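Not measured: the values here are computed from a predicted model. Within every chain, numbering begins at 1; the chains are lettered A, B, ... in the order of the sequence lines, protein sequences first and strands thereafter.
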Protein chains: 2
Amino acid sequence: MQKPLYQQVILDLEGLIKKMKPNEKLPSERQLLVKYGVSRNTIRLALQNLEERGLIYRLHGKGTFVSSIYLDRPNIGGIYSFSEELTREGQKATTQNQSLELVMPTTKIAEQLNLAENEQAYKLVRLRLANGQPRMFSTTYLPEKLFPKLEITDLRSKTLYGVLKEKYNQLSVIAFEDVQAVSLGKPESEYLDVKEGSPSLKIYRKTINDKNIPIEFTISLARGDKFIYRSRQYNDLIK
Amino acid sequence: MQKPLYQQVILDLEGLIKKMKPNEKLPSERQLLVKYGVSRNTIRLALQNLEERGLIYRLHGKGTFVSSIYLDRPNIGGIYSFSEELTREGQKATTQNQSLELVMPTTKIAEQLNLAENEQAYKLVRLRLANGQPRMFSTTYLPEKLFPKLEITDLRSKTLYGVLKEKYNQLSVIAFEDVQAVSLGKPESEYLDVKEGSPSLKIYRKTINDKNIPIEFTISLARGDKFIYRSRQYNDLIK
DNA sequence: CTTTTTAACTGGTTGATACCACTTTGAGTT
DNA sequence: AACTCAAAGTGGTATCAACCAGTTAAAAAG
């Protein structure tokens with residue numbers, strides 16, 4: 001049971017890229033095709049994947065090059081993780097797990113998680129703090145069928161993603177996030193320890209696994225004055 | 001001078017998707033191939049693009065489905081291609097170029113653009129509208145040495161990125177963006193036609209070209225009730 | 001020697017074909 | 001009626017071939 005060819009090419013090219021300098025030119029597609037003994041389609045599949053993840057960029061008529069950002073920023077393309085972001089800034093991140101319960105989701109949530117009529121979901125409410133100060137208030141929904149017997153005690157020593165990965169063997173691959181600016185209502189403002197009506201980031205996140213199946217849907221509220229959302233956008237759009 | 005086939009397919013499928021419900025099944029690749037009279041390669045190219053942009057998702061052995069990624073959809077976000085994203089949604093995107101002047105940037109701006117002590121920058125102020133309604137107020141700084149003799153008339157018929165690419169051969173590759181929630185002050189609230197103190201997204205963007213040189217720094221304010229910022233985060237795993 | 005043109009690169013698009021891996025369905029068996 | 005399993009359908013991987021569209025450098029022209 002061997003991995004697909006294009007994934008083998010990806011792995012090899014990743015090693016090659018790591019040894020190269022930013023903006024250095026990679027072998028052309030036709031050279032790679034000979035080197036690996038595969039078709040050009042397969043090479044292009046691999047390159048496309050590397051481009052999507054920001055490791056390389058391609059210029060029509062010129063060639064394929066190592067992206068510069070990758071080397072400077074180790075966390076490139078990684079799924080956004082609250083604790084990782086904070087520890088990188090030297091702050092201490094803690095999480096208060098407020099509650100975990102099995103609920104019948106609203107139609108909107110069920111739609112996001114691809115749940116059928118009578119399927120339930122876990123509702124996890126968390127408060128994230130930095131240096132003991134509230135930063136983000138999150139409500140997470142997880143399909144019950146994917147994570148049977150999830151316990152709040154599972155989350156005592158591990159992060160949520162750690163539990164999903166180790167206990168349920170669920171790997172998140174892509175997260176879609178929508179970010180909006182809102183005014184805080186009363187209950188949330190109390191959680192975040194700010195005045196009612198304060199500006200806040202409302203973040204919707206939907207995470208899917210490698211089978212394109214949704215494994216998580218989270219709605220977060222973050223303090224506008226203490227929280228910055230960071231992202232990187234790659235220019236791969238059609239012109 | 002015709003658009004590539006797969007892009008025509010994309011446009012047509014976008015129209016189809018808009019009429020469908022979340023999680024509804026699309027025609028199979030082999031059905032689409034007959035319908036459009038193109039090869040399966042072309043169909044898959046189109047579907048792959050739609051999948052990347054989160055409009056559809058595919059399940060091995062089951063089919064291709066309409067994504068539920070759009071939430072309330074008051075607007076589609078992604079500052080990166082404001083006009084393209086909007087026209088794709090069937091909305092009419094327009095830009096009012098308020099002013100363009102050559103200025104001596106603040107140290108903060110100069111730092112972002114890698115400018116030396118006495119180097120100047122163009123300051124471009126724009127108001128972006130959707131269906132005639134103000135959505136985003138942007139102030140953009142461009143290094144004068146990279147874009148000599150930039151004229152506001154250049155922007156009459158083309159987008160900013162179009163001008164940068166065609167007149168100056170500058171290709172943006174990566175944009176770093178920081179997003180924050182703020183309350184709008186008086187002048188900005190008037191521009192965006194909302195009450196003072198309304199929640200707003202403040203977006204800092206730094207764009208870098210293929211030589212790793214900063215070519216643009218923009219600070220934007222977007223209406224919190226009408227603008228959603230969307231991003232996609234990839235995990236390190238190979239799909 | 002400078003300019004122009006051509007040829008040889010580069011990645012981008014498209015077609016045709018085949019088989020693999022996973023899911024659902026339905027015919028056949030028990 | 002329930003079960004088994006083959007067939008048909010789905011997207012995923014892979015090859016071969018050809019041409020298009022930008023870019024660059026070498027050859028030809030002035």
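- A distance-only check finds a donor-acceptor pair linking the side chain of E119(A) to the backbone of A116(A) [under 3.5 Å].
- Comparing S28(B) and G61(A) by the nucleotide of DNA chain D whose heavy atom lies nearest to each, the residue mapping closer to the 5' end is S28(B).
- Heavy-atom distances to DNA chain D give each of R40(A) and E29(B) a nearest nucleotide, and the one nearer the 5′ end belongs to E29(B).
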Start with the C-alpha gap between T106(A) and I109(A), add the side-chain angles, then the distance that decides, and say whether side chain to side chain contact (heavy atoms under 4.5 Å, CB included) holds. CA-CA 5 Å; T106(A) 63; I109(A) 301 293; 3.2 Å; yes
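- Rounded to whole Å, atom P of dA18(C) lies 20 Å from atom CG of L5(A).
- Across L129(B) and L127(B), no two heavy atoms sit closer than the pair CD1-O, 3.5 Å.
- The distance from atom CG of L45(A) to atom C1' of dT13(D) is 8 Å, rounded to the nearest whole Å.
- Proximity of T42(B) to the phosphate of dT13(C): no side-chain N or O atom is located under 4.0 Å from OP1 or OP2.
- Distance CZ (R30(B)) to P (dA18(C)): 13 Å, rounded to an integer number of Å.
- Counting to the nearest Å, the P atom of dG11(D) and the CG atom of L26(B) are 9 Å from each other.
- Applying the 4.0 Å criterion to OP1 and OP2 of dC22(C), one finds that K62(B) has every side-chain N and O outside that range.
- Rounded to an integer number of Å, the gap from CD1 of I56(B) to P of dG11(D) is 9 Å.
- Using a 4.0 Å cut-off, some side-chain N or O of R58(B) falls inside it from OP1 or OP2 of dG12(D).
- Taking atom OH of residue Y6(B) and atom P of nucleotide dC20(D), one finds them 17 Å apart after rounding to whole Å.
- Judged by distance alone with a 3.5 Å cut-off, no donor-acceptor contact links the side chain of R44(B) to the base of dG11(D).
- Pairing each heavy atom of E51(A) with each of R58(A), the nearest pair is OE1-NH1, 3.1 Å.
- Between N41(A) and L47(A), it is L47(A) whose nearest contact on DNA chain C lies nearer the 5' terminus.
- To the nearest angstrom, P of dC16(D) lies 13 Å from CD1 of I43(A).
- Interatomic distance, T42(A) OG1 to L47(A) CG, rounded to the nearest 0.5 Å: 11.0 Å.
- Whole-Å rounding puts the L33(A) CG to dT15(D) P distance at 9 Å.
- By the 5.5 angstrom centroid cut-off and the 30-degree plane limit, H60(B) is classified as stacked against the base of dA21(C).
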